Amino acid sequence: MGHYTLGKEHGLSDFALLSSSVTRVSELETRVKLQAQEIQLKDQAIASLEQKIKKLKLQRTDHPEGEKQVHEFERKCQELQKKVNDMEQFLSDYGLIWVGDEGSSEAFKQEIPLTTAGFSPNTFQPDFDLVLENLRDLNVLGGEGVSHIEFKEGAARLRPPVPVPLTLYKNGIIMFQGPFRSYQEPSTQQCLRDIMDGYFPSELQTRFPDGVTFHATDMRKVIFHEHRPWEQFPGPGQNVGCAEENLTWTSEIPGPRVSVQQFLDRLPKSVIQGGCVMDIQGPIRDQLLGPKADEKTRESLVESPLLGLMDKGSSANTVVCNLRIKSEAGDHTYRVRMLPTETIGDLWVYLSQHSVSEVSSCDLIRPFPHHVYDNNACTLQEAGLVPNASLLLRRKKPKDPEKQE
């Protein structure tokens with residue numbers, strides 16, 4: 001019985017081991033099948049990728065400009081990025097910030113509201129009290145109230161320092177006689193920062209190396225408005241939006257006005273450039289006053305040859321007809337001296353000898369009362385031009401062909 005029992009138990013253990021082995025083998029077979037299927041799928045994917053690689057290589061060899069296009073696109077992208085950086089730097093120099101599309105712009109407006117019309121918190125605004133206080137200290141260093149000796153034409157005299165006029169507005173400054181300089185200009189910001197730091201403005205160092213005094217005018221409650229031709233419009237204007245109280249507007253430059261001649265005297269008469277002498281004051285004078293501003297009306301004396309043939313004794317008792325005839329353009333006046341017995345035709349002959357323009361195409365008229373002297377055989381005495389008269393040359397009017405018929 002004992003041997004039988006052991007054999008039976010031994011048979012059961014072999015059966016369990018065999019069944020577990022069969023189960024494991026079946027699991028391994030199943031796993032092998034799955035892996036084989038996975039390998040097959042990967043082989044197919046690899047084959048597909050290889051085909052794509054071959055096609056790409058063929059396209060690259062067939063189209064060698066493709067790589068160049070990629071490099072060209074990269075270069076253009078870098079150029080655009082550089083332009084964006086330059087534009088952002090340009091805006092930051094003027095205290096501006098790019099806010100993007102409408103959504104971001106609305107968020108920006110809500111985050112940074114405008115305090116006054118045309119002014120925002122990111123706009124440069126100086127400390128007016130500090131500027132005025134430092135200007136008083138700089139005036140002491142610049143020699144305010146201390147006269148210096150000036151030598152001129154062999155003589156010497158005491159002359160007090162001439163202060164530089166400086167007017168501080170809400171939106172900018174005016175130094176000397178102008179022009180107006182906005183707080184958004186980097187040079188204006190640098191000038192005021194120098195003063196707030198307790199230094200003379202660096203832009204005046206070359207002109208005033210030993211310092212200078214200032215005559216400051218505080219107009220911080222006044223907004224200066226520049227007149228521009230493209231901004232002129234009829235009628236009054238009104239401010240829109242929230243603005244600070246007690247603000248006024250002006251467009252008048254403080255200080256005495258500089259005449260055109262005073263402005264021209266500050267400029268050099270001519271400069272030498274490229275071996276050529278270039279006139280400076282002349283073209284600027286013509287631009288400001290017009291090309292014929294300094295030209296006077298020219299006059300020419302026209303005398304009849306019969307006057308030269310007369311004796312001195314007889315000429316003293318002879319009546320001479322004096323005519324003033326203005327040219328058609330109005331820039332030339334002819335002073336004509338003739339005998340009363342000479343005719344209108346003689347007058348036309350004398351004028352044609354002294355006139356550059358064609359006088360035959362003009363009429364000789366008297367403005368008031370209006371009269372046209374078209375009878376060449378009529379004498380000056382008969383025409384009523386003795387002893388003197390003022391006449392005009394005017395272009396003849398074209399005749400009406402219907403009236404001629």
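Being a predicted model, the structure only gives us computed values, none of them experimental.
The aromatic rings of His332 and Tyr334 sit parallel to each other, their planes meeting at less than 30°, with 60° as the upper class boundary.
Proximity of a side-chain donor or acceptor of Thr23 to a complementary backbone N or O of Ser19 within less than 3.5 Å is detected. Gln35 contributes no side-chain N or O that, together with a main-chain N or O of Val32, makes up a donor-acceptor pair within less than 3.5 Å. Looking at Asn134, its side chain does come within 3.5 Å of a backbone N or O of Ile195 through a donor-acceptor pair. A donor-acceptor contact shorter than 3.5 Å is absent between the side chain of Asp363 and the backbone of Ile365. No donor-acceptor distance shorter than 3.5 angstrom exists from the side chain of Ser182 to the backbone of Glu185, with no hydrogens or angles considered.
Between Arg193 and Asp197 there is no salt bridge, since none of the side-chain N atoms of the basic residue sits less than 4.0 Å from a carboxylate O of the acidic one. In this structure, Lys83 does not pair ionically with Glu79, as no charged nitrogen and carboxylate oxygen lie closer than 4.0 Å. Note on Lys33 versus Glu29: no salt bridge recorded, every NZ/NE/NH1/NH2 to OD/OE distance being 4.0 Å or above.
At least one side-chain heavy atom of Leu192 sits less than 4.5 Å from a side-chain heavy atom of Phe124. At a threshold of 4.5 Å between non-hydrogen side-chain atoms, the residues Arg220 and Asp129 count as touching. Between Val319 and Cys321 the shortest side-chain heavy-atom distance does not fall below 4.5 Å. Residues Leu204 and Phe214 form a side-chain contact, since some pair of their non-hydrogen atoms from C-beta on lies under 4.5 Å apart. Considering only heavy atoms from C-beta on, Arg394 stays 4.5 Å or farther from Cys362 through its side chain. By the 4.5 Å heavy-atom criterion applied to side chains, Met175 and Cys191 are counted as neighbours. When side chains are defined from C-beta on, Lys170 does not count as touching Met219, because their heavy atoms never get closer than 4.5 Å. Counting only heavy atoms from C-beta outward, the side chains of Asp218 and Leu132 approach each other to under 4.5 Å.
For the pair Tyr199 and Leu138, the tightest heavy-atom approach, listed with the atom from each and the gap, is O-CD1, 3.5 Å. Closest non-hydrogen pair, Ala383 versus Cys378, comes out as N-SG, 3.7 Å. The minimum heavy-atom distance between Pro268 and Gln281, with the atom names listed, is O-CG, 3.6 Å. Contact detail for Val386 and Pro340: the closest heavy-atom pair is CG2-CB, 3.7 Å. Here the closest heavy-atom approach between residue Ile344 and residue Tyr373 is recorded as CG2-O, 4.1 Å. Summarising the geometry of Tyr350 relative to Met338, their closest heavy-atom pair is CE1-CE, 3.6 Å, with the distance given to 0.1 Å.
With hydrogens and angles left out, the side-chain atoms of Ser270 and Asp279 include no donor and acceptor closer than 3.5 Å. A donor-acceptor pair shorter than 3.5 Å can be found between the side chains of Arg395 and Ser361.
A ring-ring contact (aromatic ring centres under 6.0 Å, His included) check over residues 158-177, counting only residues at least two apart or in different chains, returns the pairs Tyr169-Phe224. Pairs passing the salt bridge (charged side-chain N to carboxylate O under 4.0 Å, His left out) check and including a residue from residues 365-386, sequence neighbours excluded, do not occur.
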> How far apart are the C-alpha atoms of Glu299 and Arg324, what are their side-chain angles, what is the distance that settles it, and do they pass the salt bridge (Lys or Arg N to Asp or Glu O under 4.0 Å) test?
Replying inline: CA-CA 9 Å; Glu299 289 188 356; Arg324 293 183 63 88; 3.1 Å; yes
>> Before you tell me yes or no, could you show the steps for Thr341 and Thr379 under side-chain contact (heavy atoms from CB on, under 4.5 Å), namely the whole-Å CA-CA distance, both residues' side-chain angles and the distance that decides it to 0.1 Å?
In response: CA-CA 6 Å; Thr341 56; Thr379 64; 5.5 Å; no
>> Determine whether Asn139 and Thr213 satisfy the following criterion, side-chain hydrogen bond (donor to acceptor under 3.5 Å, both in side chains), listing intermediate values before the conclusion.
In response: CA-CA 5 Å; Asn139 286 340; Thr213 59; 4.9 Å; no
> Taking it one step at a time, do Leu385 and Leu391 satisfy side-chain contact (heavy atoms from CB on, under 4.5 Å)?
Replying inline: CA-CA 10 Å; Leu385 301 177; Leu391 306 176; 4.1 Å; yes
> When you look at Gln125 and Tyr183, which way does the side-chain contact (heavy atoms from CB on, under 4.5 Å) test go after all the steps?
Replying inline: CA-CA 7 Å; Gln125 285 291 315; Tyr183 290 140; 3.9 Å; yes
>> Using the rule given for salt bridge (Lys or Arg N to Asp or Glu O under 4.0 Å), can you reason through Lys42 versus Glu38, listing the C-alpha separation, both sets of side-chain angles and the distance that settles it, and then say yes or no?
In response: CA-CA 6 Å; Lys42 289 183 177 181; Glu38 185 176 357; 3.5 Å; yes
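Note that CD of Gln381 is 12.5 Å distant from CD of Glu342, once rounded to the nearest 0.5 Å.
When the shell of 6.0 Å around CG of Leu34 is examined, it contains more than 12 heavy atoms from other residues, nucleotides or ligands.
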